[in-house]
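Numbering of ligands and ligand atoms starts at 1, following listing order. When reading the values below, keep in mind they use all heavy atoms of this one structure, side chains included, and skip hydrogens, waters and symmetry mates.
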Amino acid sequence: MRSMVFQKPRTNLVTENRTRPKARTGEVLIRVRACGVCHGDLMVQEGMFPFATYPLVPGHEIAGIVEELGEGVDWLSAGARVGLSALGSACGHCAACLSADEFLCDSLGFTGVTSDGGYQELMVANAAFVVPLPENLDFVEAAPLMCAGLTVFSALRHAGYEPGDRVAVVGLGGLGEMGVLYARAMGGRVAVVSSTPEKEGDARDLGAELFIHAKGPDWAKTLAQWEGGADIILSTASSVASANTAFAGLARNGTLMLLGAGPGDVTVNPMALVMGRRRIMGSPAGSRMDLRDALAFAAKYAVRPRVTRFALEQAGEALSAMHNRTLRGRAVLVTN
Ligand SMILES: [Zn+2]
Ligand SMILES: [Zn+2]
């Protein structure tokens, strides 16, 4: 089978022909049909995760078919359509795991970081972390929901989103697009903030009612004038400077939600924090329950990511396109 591999950090992907893996006890073998390309994969390439294990097959937005069951796996069947996120395993006995919030577990296994991921034709996964795919989601549409979709869905949930809320999405990359789609489908009003004025058309097409060109530090004032500001700001850009600026665009009781973590510190005016009862939060991807809910919601309310398809061997090109921001929607590797 073909696998796309980083042999070590700061190298390009190479194609390897590997022998077919076997599902051991508690595992399943998945035939990968589609795998989304996430910024996390670029971080794997750059060697930014000290716990990553090379040589490594990246990829954690996986949609495929169960090919083979390991011993003891009786809740899945061969041929089942399944998905797998970055959450490859967790300890199962800590407080976070016991409250179905296992992405906060201290002993996580990360798909495509601590074990081989989805940039290949077949992969093994811990069967307990595989989720069923709703019938009306095809593999290519489902893949970007496994990280980008899950992350914004879980962030809105944990920020206390309510229908009708004004949601500002800062940055219109893969994560930002999913943020607009989910917030709109949940009955929210959406503003998009982007440093690229050419993205206004995309933002409007996705359902944003307001587009703010983030040029100079005054753009948050424009956001604050949007009927009192945003109830939730999804900061999908990793720039700390942009998060610091965005804070001034929050409504009273508003939440600034950080989904990316670049270098530097978030610093805000404490008086604005206190007097407006405002919050700053962060949120990682999400639990298995969040993922099931994000998929079910997408299936029912027609949340469908825009994708650009690449063949498995073009994974390097897909990574470059994401890095250079020349992609339309999410890059998805499609295997046959
Ligand atoms: Zn745990
Ligand atoms: Zn990701």
Could you please compute the angle at the Zn ion (ligand 1) from SG of Cys91 to SG of Cys94, rounded to 10°?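 The two atoms form an angle at the metal of about 110°.
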Using the Zn ion (ligand 1) as the apex, give the angle to atoms SG (Cys97) and SG (Cys105), rounded to 10 degrees.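 It rounds to 110°.
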Is there a donor-acceptor pair under 3.5 Å between the side chain of Thr111 and the backbone N or O of His60?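 The answer is no, because no donor-acceptor pair under 3.5 Å joins these two groups.
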Keeping Thr236 on the side-chain end and Val170 on the backbone end, is there a donor-acceptor pair under 3.5 Å?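 Side chain of Thr236 to backbone of Val170, a donor-acceptor pair under 3.5 Å: yes, one is there.
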Walk me through it: do Phe51 and Phe110 pass the test ring-ring contact (aromatic ring centres under 6.0 Å, His included)? CA-CA 10 Å; Phe51 43 85; Phe110 292 102; 5.6 Å; yes
Answer yes or no as to whether an N/O/S atom of His93 is found below 2.8 Å from the Zn ion (ligand 1).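 No N, O or S atom of His93 is closer than 2.8 Å to the Zn ion (ligand 1), so no.
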Working to the nearest 0.5 angstrom, can you tell me the gap between Met1 CE and Arg18 CZ?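 One gets 6.5 Å once the value is rounded to the nearest 0.5 Å.
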Using 30° and 60° as the class boundaries, would you call the ring planes of Phe297 and Phe153 parallel, tilted or perpendicular?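 Judged by the thresholds at 30° and 60°, the geometry between Phe297 and Phe153 is tilted.
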Flag His39 as yes if one of its N/O/S atoms falls below 2.8 Å of the Zn ion (ligand 2), otherwise no.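 No.
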Taking the Zn ion (ligand 2) as the vertex, how big is the angle to NE2 in His60 and SG in Cys38, rounded to 10°?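 Vertex at the Zn ion (ligand 2): approximately 110°.
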